[in-house]
Amino acid sequence: MSNFANIGKRIIELTSCHSTNDYALDLITKSEAQAGDIVYAKNQMGGRGQKGNIWLAPKGENLTFSLILTPSFLRPAYQFELTVFISIALIRYLKSKAIEAEIKWPNDIYVEGKKIGGILIENKIKGSKLGFSIVGIGLNVNQTDFGMLNATSLQLVNHQKYSVYEELFNTFKYMNDVYDSLKRGEDIRKEYMRYLIGTDHEILFDDGEQFLSKVVNVDDFGALELDKNGIIKKYGIQDVKFVKL
Ligand code: BTN
C-alpha cells in the first residue's frame, strides 16, 4: 500500500457554500469523507476565521478550501504538528511562485508585512487519537482591494492574475510532500521556526501590558514563548496580541 497522503485525489467542488470547514464536517458526520479530500468553494459566504472572526473572500477571487485528514498517528496533545505542516506547505507553495512568505504565529501567512493567507484547523478526537482533522485554508489570490485590512494577494505581489482553480492544484504537491514528512516522523519544526516572524527581531506584544520581545520558542504543544522583562512566559492564542511586527 502506498503511504502517499493522497491529498487532492478527490475534490468536492462547490459553486457556493457557507463554510468549507462546515461542509467538510458534515461529510465526516455522514461518514462520507475520505482522507485527503478537498472541499473547494468558488464562493464561500460564511467563512470562519480564527478567534470567532469571519473570513471574507469576494466571489471567485481567492482560494477557500478545506482539507480532510485522518492523522491517527498523532495524539491529540500534538495536534499543533498539523499547524506546522500546513504552514510550511503554504510557504513552499508561495516560494514556487517566487514569493518569500513568513509565518506569524501560530499560522497566519504574511508577505511583506501583510497577510496573504489564513488557516483554521478543527479536529475531531476519537478516543485517544485524532480521528479527523479539517484544515481550512484561505489564500488571497486575485483580490486587489482589501479596504482597511492589512492584507495582500498573489496578484498584488506578482502583478499578474492567476487561475484560482489551477492554483488549488498547485498547492497539492506541497501539502503531500510535507504531510508525508510529518507521517514519517521527520523533524519539520526547524523549517517552521525558520519562517516564523520575530525570531530575529523584537516585536511589540500585548498580554494586558505591552512589552517588546523576540520569539524565544514555540513549544511542542504550540505555545508561544516570549521574554517578558527577563522572564520566559508561555502564551496560548487567546493570551497575547501582536501589536507591531
Ligand atoms: C484566519 O482567521 O486567519 C483563518 C481563516 C481561515 C479561512 C478558511 S477559508 C476556507 C475554510 N473555511 C472556513 O470557513 N474557514 C477556512
Side-chain angles (χ1 to χ4, degrees), residues 17-26 28 39 41 44-58 62-69 71 76-91 101-111 113-125 130 132-140 143 146-153 192-193 195-199 203-213 215-226 228 233-245:
C17 81
H18 183 70
S19 151
T20 56
N21 269 34
D22 292 350
Y23 195 96
L25 180 62
D26 203 40
I28 293 167
V39 178
Q44 177 176 254
M45 290 172 308
R48 292 186 290 108
Q50 297 216 6
K51 300 185 193 168
N53 290 328
I54 52 166
W55 183 262
L56 294 171
N62 296 335
L63 264 175
T64 48
F65 66 101
S66 301
L67 158 65
I68 298 175
L69 294 170
Y78 292 98
Q79 55 188 261
F80 187 71
E81 294 307 308
L82 295 171
T83 294
V84 174
F85 135 72
I86 193 64
S87 305
I88 296 173
L90 290 177
I91 294 277
E102 297 175 294
I103 302 163
K104 179 176 154 247
W105 177 86
N107 54 11
D108 286 340
I109 308 299
Y110 270 63
V111 176
K114 294 179 178 161
K115 185 157 166 172
I116 198 166
I119 297 160
L120 179 67
I121 301 181
E122 296 175 303
N123 294 313
K124 259 188 104 75
I125 292 162
L130 278 177
F132 279 97
S133 281
I134 300 166
V135 181
I137 296 154
L139 190 68
N140 302 330
Q143 187 174 352
F146 291 96
M148 299 293 283
L149 292 176
N150 180 36
T152 192
S153 65
Y192 176 85
M193 292 306 293
Y195 294 120
L196 205 58
I197 297 176
T199 53
I203 289 181
L204 187 60
F205 288 99
D206 190 328
D207 68 353
E209 295 162 332
Q210 294 201 347
F211 63 100
L212 281 168
S213 173
V215 168
V216 176
N217 192 25
V218 175
D219 78 8
D220 286 354
F221 311 104
L224 184 69
E225 293 181 10
L226 301 176
K228 188 177 178 191
K233 294 187 78 173
K234 289 192 188 219
Y235 295 92
I237 188 166
Q238 304 288 353
D239 309 330
V240 71
K241 280 198 203 95
F242 288 66
V243 181
K244 200 168 183 318
L245 292 182

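Values below: every heavy atom of this structure, side chains too, minus hydrogens, waters and symmetry copies. Just so you know, residue 1 is the first one in the sequence shown, and it goes up from there. Just so it is clear, the model here is predicted, and its values are computed rather than measured.
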Given 3.5 Å as the limit, does a donor-acceptor pair link the side chain of [X] with the main chain of [Y], or not?
{"X": "T83", "Y": "N107", "value": "no"}
{"X": "Q79", "Y": "P76", "value": "yes"}
{"X": "D219", "Y": "G222", "value": "yes"}
{"X": "D206", "Y": "G208", "value": "yes"}
{"X": "N21", "Y": "L120", "value": "yes"}
{"X": "W105", "Y": "V215", "value": "no"}

Got a second to check how far [X]'s [atom1] is from [Y]'s [atom2], nearest 0.5 Å?
{"X": "H18", "Y": "D26", "atom1": "NE2", "atom2": "CG", "answer": "12.0 Å"}
{"X": "I137", "Y": "I86", "atom1": "CD1", "atom2": "CD1", "answer": "3.5 Å"}
{"X": "K234", "Y": "F221", "atom1": "NZ", "atom2": "CZ", "answer": "8.0 Å"}
{"X": "E102", "Y": "I116", "atom1": "CD", "atom2": "CD1", "answer": "12.0 Å"}
{"X": "S213", "Y": "D207", "atom1": "OG", "atom2": "CG", "answer": "10.5 Å"}
{"X": "L212", "Y": "K228", "atom1": "CG", "atom2": "NZ", "answer": "12.0 Å"}

For [X] against [Y], the heavy-atom pair lying closest together:
{"X": "L82", "Y": "S133", "value": "CD1-OG, 3.1 Å"}
{"X": "G113", "Y": "N150", "value": "O-ND2, 2.9 Å"}
{"X": "I134", "Y": "S66", "value": "CG2-CB, 4.0 Å"}
{"X": "W55", "Y": "G117", "value": "CH2-C, 4.2 Å"}
{"X": "I121", "Y": "V135", "value": "CG1-CG1, 4.2 Å"}

Taking side chain as C-beta onward, heavy atoms only, is [X] less than 4.5 Å from [Y]?
{"X": "K244", "Y": "I203", "result": "no"}
{"X": "F211", "Y": "K233", "result": "no"}
{"X": "K115", "Y": "I109", "result": "no"}

field: K114 atom NZ: more than 12 heavy-atom contacts under 6.0 Å
entry: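 Incorrect, the count does not exceed 12.
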message: Run Y195 and Y110 through ring-ring contact (aromatic ring centres under 6.0 Å, His included) and show every step you take.
response: CA-CA 10 Å; Y195 294 120; Y110 270 63; over 10 Å; no
task: Show your working on side-chain contact (heavy atoms from CB on, under 4.5 Å) between S87 and I119 and close with a plain yes or no.
output: CA-CA 8 Å; S87 305; I119 297 160; 4.0 Å; yes
- request: Check the pair L130 / L69 against side-chain contact (heavy atoms from CB on, under 4.5 Å), numbers first and verdict last.
  value: CA-CA 9 Å; L130 278 177; L69 294 170; over 6 Å; no
message: Using ring centroids (six-membered ring only for Trp), state whether F65 and Y23 fall under 6.0 Å.
response: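 No, ring centres 6.0 Å or more apart.
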message: Using side-chain contact (heavy atoms from CB on, under 4.5 Å), reason through F80 and Y192 one step at a time and then give a plain yes or no.
response: CA-CA 11 Å; F80 187 71; Y192 176 85; 3.5 Å; yes
- request: Answer yes or no: is there an ion pair linking D22 with R48, defined by an N-O contact shorter than 4.0 Å?
  value: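 A salt bridge links D22 with R48.
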task: Might you work through the side-chain contact (heavy atoms from CB on, under 4.5 Å) test for Q44 and T20, ending with a clear yes or no?
output: CA-CA 7 Å; Q44 177 176 254; T20 56; 3.3 Å; yes
query: Is it true that the NZ or CZ of K241 lies under 6.0 Å from the centre of F205's six-membered ring and within 45 degrees of the ring axis?
result: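 Not flagged: K241 not positioned over aromatic ring of F205.
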- prompt: Is NZ or CZ of K124 both nearer than 6.0 Å to the six-membered ring centre of F132 and within 45° of the ring axis?
  reply: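 Ring-cation test returns no.
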- request: Apply side-chain hydrogen bond (donor to acceptor under 3.5 Å, both in side chains) to D220 and Y78, showing your working.
  value: CA-CA 7 Å; D220 286 354; Y78 292 98; 5.0 Å; no
